Amino acid sequence: MDFISKRVQNLATSATLAMSQKSAELRAAGIDVINLSVGEPDFNTPAHIKEAACRAIEENFTFYSPVPGYMSLRKAIADKLSRENGLEFDPTQIVVSNGAKQALCNVILTTVNPGDEVIIPTPAWVSYVEMVKLAEGTPVTVPAGIDADFKITPAQLEAAITTRTRMVLLCSPSNPTGSVYTREELQGLVDVLAAHPGVLILADEIYEHINYTGGFTSLGSFPQTADRTIIVNGVSKAYAMTGWRIGYCAAPAAIAKACTKLQGQYTSGASSIAQKAAEAAYTGSQECVAEMCAAFRRRRDLVVELASKIPGFKVNRPQGAFYLFPEVSALMGKRFGDKVIATSGDLALYLLEHAHVATVDGAAFCAPDYIRFSYATSDDKLAEAMARIDRAVRQLI
Ligand code: PMP
Ligand code: GLU
């Protein structure tokens with residue numbers, strides 16, 4: 001007898017986490033796999049943040065925290081949004097969650113009714129479509145390929161909006177493409193949305209600080225639509241804190257209140273100790289953020305140079321995040337022995353088995369002609385991984 005609900009049966013497994021797990025298993029079996037699948041900084045959490053967590057334990061921040069987070073952390077986040085992004089949120093409009101992932105899911109479950117449409121430009125991070133499905137909403141994907149630098153146009157957005165559109169979800173800098181919308185490009189999208197007052201805007205700004213353009217424009221900073229824009233961000237990427245699980249949404253008061261109600265029924269407040277660490281991240285020196293970004297930028301240059309020499313790989317020059325998303329359709333139909341590479345999934349598997357490099361199939365990001373690799377790892381490992389991929393690809397005929 002199958003006891004699994006239809007809701008979960010219909011849910012896809014997170015391909016990023018699954019591939020990372022597979023690569024960890026191969027490593028445990030003694031195979032020297034280079035894991036470029038999961039996207040997380042390879043740096044340790046900065047010392048002053050770890051010290052704040054140790055202090056929190058000593059000072060007995062070990063009890064349940066308030067469901068939307070400690071007020072001191074919510075104030076620190078409101079200050080950050082004001083200082084760095086020019087956004088004015090009252091701390092009560094901020095809800096702290098277990099990572100940006102839960103913050104996104106809270107917002108979607110809180111605002112999307114069954115049958116509501118959510119516009120998702122693709123390629124898109126693996127979890128957006130699945131979260132919308134959990135809310136019984138209808139994901140409406142709007143594709144933008146490598147030739148468009150993976151960015152949708154105002155005309156595409158306008159064409160996707162219907163009377164059932166509830167929300168548009170935008171991620172910039174983007175996972176998996178690394179593309180960053182300029183202020184002018186965002187203004188173009190906002191101009192379209194200004195004419196549709198019933199549409200919410202959900203801005204996933206988790207890669208804000210891993211940005212090589214020299215400036216960042218928050219989608220919340222456009223007066224025409226600011227009152228219906230929800231910002232999601234967190235400490236995972238900017239402060240190398242993926243395991244601490246702290247993210248947040250900053251939202252119109254009614255939505256923040258509803259997210260708190262939802263979270264109060266299924267996870268409660270996020271870890272008390274991790275919240276104190278996150279507070280130190282936001283209030284302490286920001287030097288570590290710039291240092292890590294400089295390292296990612298150097299690695300971006302390295303992988304773009306090496307990957308563009310691999311036969312059949314078409315690459316762009318990502319402006320942010322730490323992913324490269326080559327178009328690989330030229331390799332489809334090639335063979336290794338009697339094995340045909342028919343899909344980008346076959347290619348990802350081939351690279352894992354023959355090059356011992358873990359990547360993620362583009363299909364998981366609604367872009368089946370691509371594969372993703374994360375370059376958040378050391379220069380040496382990246383150079384070795386690219387050499388291995390190059391060799392393996394040249395063996396295909
Ligand atoms: N949004 C995007 C685009 C991401 O890549 C990630 C990384 N997992 C998240 C949200 C979730 O981040 P967190 O680790 O804070 O849950
Ligand atoms: N966001 C990262 C990635 O895309 C972490 C894994 C996940 O949560 O999906 O690889």
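Computed from a prediction, not measured in an experiment: that's the story for all the values here. Indexing begins at 1, ligand by ligand and atom by atom, following the structure's order.
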Judging by distance only, is a nitrogen or oxygen of N98 under 3.5 angstrom from one on ligand 1?
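Min N/O separation from ligand 1 is not below 3.5 Å for N98.
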Could you see which bit of [X] sits under 4.0 Å from ligand 2, with heavy atoms only: side chain, backbone, both or neither?
| X | answer |
| --- | --- |
| L17 | side chain |
| R372 | side chain |
| V360 | neither |

[X] and ligand 1 - part of the residue with a heavy-atom distance under 4.0 Å:
| X | answer |
| --- | --- |
| W244 | neither |
| A100 | both |
| Q102 | neither |

Are the aromatic rings of F336 and Y350 close, with centres under 6.0 Å apart?
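Yes: the rings meet the under 6.0 Å criterion.
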Report, in ascending order of atom number, the atoms of ligand 1 lying under 4.0 Å from any heavy atom of R245.
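Once the distances to R245 are compared, the set is 13 (P), 14 (O), 16 (O).
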Which atoms from ligand 1 have a heavy atom of D204 less than 4.0 Å away?
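Counting atoms of ligand 1 from 1, those under 4.0 Å from D204 are 1 (N), 2 (C), 3 (C), 10 (C).
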Relative to the heavy atoms of V38, which atoms of ligand 2 are at a distance of less than 4.0 Å?
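Numbered from 1, ligand 2 contributes 5 (C), 6 (C), 10 (O).
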Ligand-residue contact atoms, ligand 2 with K237, heavy atoms, under 4.0 Å:
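Near K237, the atoms of ligand 2 are 1 (N), 2 (C).
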Quiz question: by atom type and distance under 3.5 Å, do the side chains of H209 and Q286 form a donor-acceptor pair?
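There is no such pair between these side chains.
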What is the nearest protein non-hydrogen atom to [atom], stated with its residue, atom name and distance?
| atom | result |
| --- | --- |
| atom 8 (O) of ligand 2 | K101 NZ, 2.9 Å |
| atom 7 (C) of ligand 2 | T16 OG1, 3.4 Å |
| atom 2 (C) of ligand 2 | G39 O, 3.4 Å |

For E40, is the nearest heavy atom under 4.0 Å from an atom of ligand 2?
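The answer is no: ligand 2 sits nowhere under 4.0 Å from a heavy atom of E40.
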Does any N or O atom in V126 lie less than 3.5 angstrom from one in ligand 2, N or O only?
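N/O-N/O distance under 3.5 Å: no.
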Look only at interatomic distance and state if S127 has a nitrogen or oxygen under 3.5 Å from any nitrogen or oxygen of ligand 2.
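So ligand 2 has no N or O lying under 3.5 Å from an N or O of S127.
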Does atom CD of Q9 have more than 12 heavy-atom neighbours, drawn from other residues, nucleotides or ligands, at distances under 6.0 Å?
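Count over threshold, so yes.
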